[in-house]
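Here the structure is a predicted model, which means the values were calculated and not measured. What you see below is based on every heavy atom in this structure, not just the backbone, and it leaves out hydrogens, waters and symmetry mates. If you read the sequence from its start, that first residue is 1, and numbering goes on from there.
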Amino acid sequence: MPQFIPQSHCSCCWFKSVPGLKQHQSLAHNYSFDLTASANNPHDYLVPTKPAPGIFHDYYNELTGDICNTNGWEINLNTLPPPISKKDPNDWAPYHDQMQFETAKFLFKNAKMSASNFDSLCDLWGGSLHTKEGGYAPPFADHKQLYKTIDSTLLGDVPWDSFKLKYSSDCPMSNIPPWMDQMYKFWFHPAHSLVANMLTNTEFNSKFDYYQNFMSGDWSWMQADKIAEDRSTHGGMFVPIILGSDKTTVSVATGQNNYWPLSTKKYSDDPIFQQFKKQLFHAAMSRILASLKPGMTTPQVLKCPNCHFHCIIFGLGPYIADYPKQVLLLGIIQNWCGRCIAFPTDLDGSGAPQTSELTQALIEELSLGILWDEWGIDGNVIPFTEDFPHTNICQLLAPDILHQLVKGTFKDHLVKWVGKYLELEHRKAGAKERLADIDHPYVYLPAIKGHIPDNVIHMFHTFLEVCYIVCHNVITDNTLMELKDALNHFHQYCRIFKDTGVHPEGFSLPHQHALVHYEMLICLFSAPNGLCTSITESKHIAAVKKPWHHSNKHNALSQILQTNQCISQLAAAHVDFEAQGMLSLSCLAYLPPSNSQSISLSLTAVTTSDRPASKDGEEPSLDEDGSAGIVDKHPGLVHSDVKLACSPACNCARNALALAIELSIPSLPKLIACFTSKQLQPDSVTLSIVPPFTGHLKIFHLATATFIAPSDPSRIGSMQHEHICAIPSWHWGPTWYNCIFMSMDNTREGMLSMDVAQVHCFFSLTHTNGQTFHISKTLGLCALVCWFDHIADEPDELTGMWMVAPSFLEDGLPHHAVIHIDSIVHSVHLLPIFGSGYILLYVNCHNSLEVF
């Protein structure tokens with residue numbers, strides 16, 4: 001039966017032939033990036049060699065980012081940068097050697113071992129090295145030496161600073177609330193030192209956004225116009241500081257969030273305390289960012305990732321925050337819009353733009369009551385941006401895809417309204433039954449088809465189109481027209497909820513109202529996907545929750561800060577050692593010959609032998625760090641790179657005939673033979689005359705795909721890493737066969753350039769029975785797949801989703817093929833076409849592809 005698949009916008013090239021395919025050239029993509037800079041143009045970093053249609057390059061004439069000396073004087077463009085470090089290439093200070101550094105990094109950052117466990121490990125380690133003739137000591141004697149050594153690392157060590165704030169306004173004569181006498185302590189890194197430290201990180205070299213994405217927006221150019229009015233800034237480099245704030249709970253069980261005074265609910269009914277919290281936030285932000293203020297008008301000479309010095313001009317860039325934080329930042333009233341002056345009861349459209357100048361004029365002329373009731377302004381709050389030049393907080397609020405679109409509009413509004421609609425139409429019992437059927441497959445859009453009117457499905461379709469469009473990494477004028485058209489259709493279809501009484505009061509909702517400003521915000525800040533709260537939320541676990549769980553929970557804040565600082569120092573030391581080529585060899589290379597030889601022999605014996613099956617016969621686990629697959633630590637900017645697991649599966653077929661019997665695919669030996677012939681001698685043979693393959697092979701149940709996902713910038717370089725499974729029985733249960741995307745025609749766009757298949761097995765070919773040729777290590781990495789065919793050359797008109805169906809041969813058997821793993825882009829999740837009936841209870845994620 002047909003299957004739904006989400007619409008894809010990937011377009012790398014792949015060539016498909018029947019029954020095999022030619023080797024995929026992984027670097028032949030629509031977009032490849034040149035990571036080298038020419039001597040004549042320092043802006044050549046990350047220049048697309050094949051720019052997309054409608055893309056052009058433009059440069060600001062005054063702020064040219066010229067290199068300079070430490071005094072700020074411009075120097076010749078061909079001048080070599082100063083050395084990364086002046087220390088000796090073998091100087092591991094403050095560590096004794098590579099072994100001690102890598103031990104510290106692994107145990108503190110990766111394993112996050114507690115002090116007591118570390119001491120126990122050191123005792124066991126020391127005992128294992130002790131001999132009668134002497135022996136070697138472990139890298140560290142105990143946890144104290146470890147912490148002391150890391151603390152001695154100067155690189156990445158931006159010291160913490162603190163300040164205290166206290167309520168200073170009028171207090172009541174008696175019964176003074178405790179919060180009025182309390183001191184609120186803030187810990188922070190000086191902003192200037194923090195940014196300077198980031199700029200010196202050589203890992204950012206060639207990764208600065210010189211003119212793409214954010215720097216292509218109108219806001220950057222308007223800021224440059226203001227800065228360039230001062231001729232002393234000419235030749236400098238504009239460095240906007242993108243800010244963001246987001247609260248989190250360090251413990252889900254306790255709901256503990258008392259490390260940020262604005263989160264306390266103890267005095268939530270006290271209007272004076274509520275006012276004080278707002279003022280506290282802005283006073284703290286002004287103090288934290290104060291060190292950047294001189295550099296916003298006077299160029300600062302700082303070292304950059306290319307190891308050259310540049311004259312830097314800072315600017316406060318867009319602020320990433322959800323709606324409650326935006327209310328706090330702007331000093332407005334809940335349910336009002338901070339970007340326009342539309343009244344909260346009439347947010348269906350857009351009002352005149354809100355500006356800092358207008359707000360200031362209203363505060364000077366009107367009373368606090370009128371400001372609050374008629375303009376939605378809290379006149380007692382002065383935004384912290386008023387303390388900095390060239391800064392307008394009304395203009396700096398970034399769009400928020402996560403909370404405004406995904407969580408706000410989709411989850412909190414549309415999904416809830418569907419439930420209310422079903423209650424109105426079928427009463428509570430009928431609605432509950434239908435909602436259970438919708439929730440059963442854990443997907444939404446295909447599942448609601450048949451339960452609600454087509455106009456509601458059209459509404460979801462157009463809304464998802466809006467989400468897809470704003471997640472594009474490159475947005476052109478044509479994209480903005482598509483966005484405007486999709487928004488108009490969404491608002492049109494959304495009226496069904498008003499007409500049917502689900503939401504009769506209209507749609508004056510801040511989250512939905514924010515969509516009307518997206519076109520303007522995209523023009524200001526370029527693609528909004530790079531300015532989303534998902535970026536700040538992605539840091540919660542690593543920066544807050546994990547350090548809290550590894551603290552003793554008593555005065556944990558200082559421990560959290562210390563843990564983060566140590567991790568930063570280890571990371572900075574790693575970058576420095578790697579830049580000097582000190583980490584190119586394994587630490588085993590520095591061991592004495594006798595020990596090195598014995599360890600090497602031991603490792604070889606383990607890795608080259610056939611691993612015995614585990615005691616329970618379990619499949620390899622999917623570790624979070626991807627250790628089950630081979631992953632390049634520094635992947636290049638290619639669309640996709642697929643690697644097989646480090647070790648083959650145990651107790652599996654060792655030749656093509658046995659694998660054919662195991663998978664019940666008699667034609668498998670011929671499919672493999674045709675594949676090998678096509679790889680080595682393209683178009684020279686046909687399937688009918690190729691002798692069956694009788695060579696040996698190794699079976700793999702797992703592969704890893706590393707690929708670029710431009711719509712998800714929360715990872716470094718937008719790189720994503722995922723597992724692709726082909727497991728015949730997962731823990732003695734059902735099969736686990738993932739589906740995959742391949743690109744088959746780079747002359748077409750979107751889904752029309754893609755093909756879909758289900759992987760049944762990964763394997764490598766070792767030889768071909770010793771006859772005419774041998775398969776190389778690269779050519780012999782294969783996958784057995786079962787094809788899916790496109791049902792139509794366009795997506796479904798109602799849902800907007802593409803449809804595919806299993807492919808069959810003329811004799812009615814499934815259409816299988818052997819492909820090279822280089823043709824795989826990444827995995828894809830197929831969603832069944834559910835129809836109008838209820839889903840049977842036995843249908844689950846394991847058998848849905850077979851049932852439908």
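Within the 4.5 Å cutoff, no side-chain heavy atoms of Val804 are placed close to those of Asp789. Counting only heavy atoms from C-beta outward, the side chains of Ile819 and Trp787 approach each other to under 4.5 Å. Under the 4.5 Å side-chain criterion, counting only non-hydrogen atoms from C-beta, Ser807 is not in contact with Phe788. Contact check for Leu784 versus His816: side-chain heavy atoms found under the 4.5 Å cut-off. Side-chain contact between Val642 and Thr704 is absent, with no heavy atoms from C-beta onward closer than 4.5 Å. Put simply, the side chain of Ile724 reaches to within 4.5 Å of the side chain of Ile824, judged on heavy atoms. Under the 4.5 Å side-chain criterion, counting only non-hydrogen atoms from C-beta, Leu668 is in contact with Val818. No side-chain heavy atom of Ile699 sits under 4.5 Å from any side-chain heavy atom of Phe762.
Between the CZ atom in Arg654 and the NE2 atom in His696 there is a gap of 9.5 Å [rounded to 0.5 Å]. Note that CG of Leu107 is 6.0 Å distant from CG of Leu121, once rounded to the nearest 0.5 Å. To the nearest 0.5 Å, atom NE2 of residue His540 and atom NZ of residue Lys546 are 14.5 Å apart. Once rounded to the nearest 0.5 Å, the distance linking SG of Cys652 with NE2 of His701 reads 4.0 Å. The NZ atom of Lys112 lies 15.5 Å from the CZ atom of Phe118; values are rounded to the nearest 0.5 Å. Rounding to the nearest 0.5 Å places OG1 of Thr735 at 12.5 Å from CH2 of Trp730.
A side-chain donor-acceptor contact under 3.5 Å links Asn738 to the backbone of Cys725. Under the 3.5 Å distance criterion, the side-chain polar atoms of His820 are matched with a main-chain donor or acceptor of Asp822. Side-chain N or O atoms of His790 include one that pairs as donor or acceptor with a backbone N or O of Met754 at under 3.5 Å. Looking at Glu722, its side chain does come within 3.5 Å of a backbone N or O of Ser827 through a donor-acceptor pair.
Enclosure of atom CG in Leu124 by more than 12 non-hydrogen atoms of other residues, nucleotides or ligands within 6.0 angstrom is indicated.
In terms of heavy-atom proximity, Ala757 sits nearest to Val785 at CB-CB, 3.7 Å. Residues Ala653 and Glu662 share a closest heavy-atom pair of N-OE1, 3.5 Å. Contact detail for Met742 and Ser823: the closest heavy-atom pair is CG-O, 3.0 Å.
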Let's go through Leu752 and Asp793 carefully: what are the C-alpha distance in whole Å and the side-chain angles of both, what is the deciding distance for side chain to side chain contact (heavy atoms under 4.5 Å, CB included) to 0.1 Å, and is it a yes or a no?
CA-CA 7 Å; Leu752 294 177; Asp793 289 338; 4.2 Å; yes
Mind running side chain to side chain contact (heavy atoms under 4.5 Å, CB included) on His815 and Phe808 for me, showing each step along the way?
CA-CA 5 Å; His815 184 185; Phe808 295 94; 5.9 Å; no
Just do the side chain to side chain contact (heavy atoms under 4.5 Å, CB included) check on Lys449 and Leu798 with the steps written out, would you?
CA-CA 9 Å; Lys449 187 177 181 181; Leu798 182 59; 3.7 Å; yes
Using side chain to side chain donor-acceptor pair (under 3.5 Å), reason through Asp796 and Thr799 one step at a time and then give a plain yes or no.
CA-CA 6 Å; Asp796 178 60; Thr799 63; 3.0 Å; yes
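Annotation: side-chain hydrogen bond (donor to acceptor under 3.5 Å, both in side chains) contacts of Asn655 (sequence neighbours excluded): none. Here His461 pairs with nothing under the side-chain hydrogen bond (donor to acceptor under 3.5 Å, both in side chains) rule; sequence neighbours left out.
Between His760 and Tyr737, the two ring planes are parallel [angle under 30°; tilted spans 30° to 60°].
Here the options are Ser647, Cys761, Ser764, Cys782, the test is side chain to side chain contact (heavy atoms under 4.5 Å, CB included), and the partner is Phe700; only Ser764 passes.
Less than 6.0 angstrom separates the ring centroid of Phe707 from the ring centroid of His826.
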Let me have the donor-acceptor pairs involving side chains of residues 99-106, under 3.5 Å, with sequence neighbours excluded, atom names and distances please.
residue: Gln100; atom: OE1; partner: His96; partner atom: N; Å: 2.6
residue: Gln100; atom: NE2; partner: Pro139; partner atom: O; Å: 2.9
residue: Glu102; atom: OE2; partner: Gln98; partner atom: NE2; Å: 2.7
residue: Thr103; atom: OG1; partner: Met99; partner atom: O; Å: 2.7
residue: Lys105; atom: NZ; partner: His574; partner atom: ND1; Å: 2.9

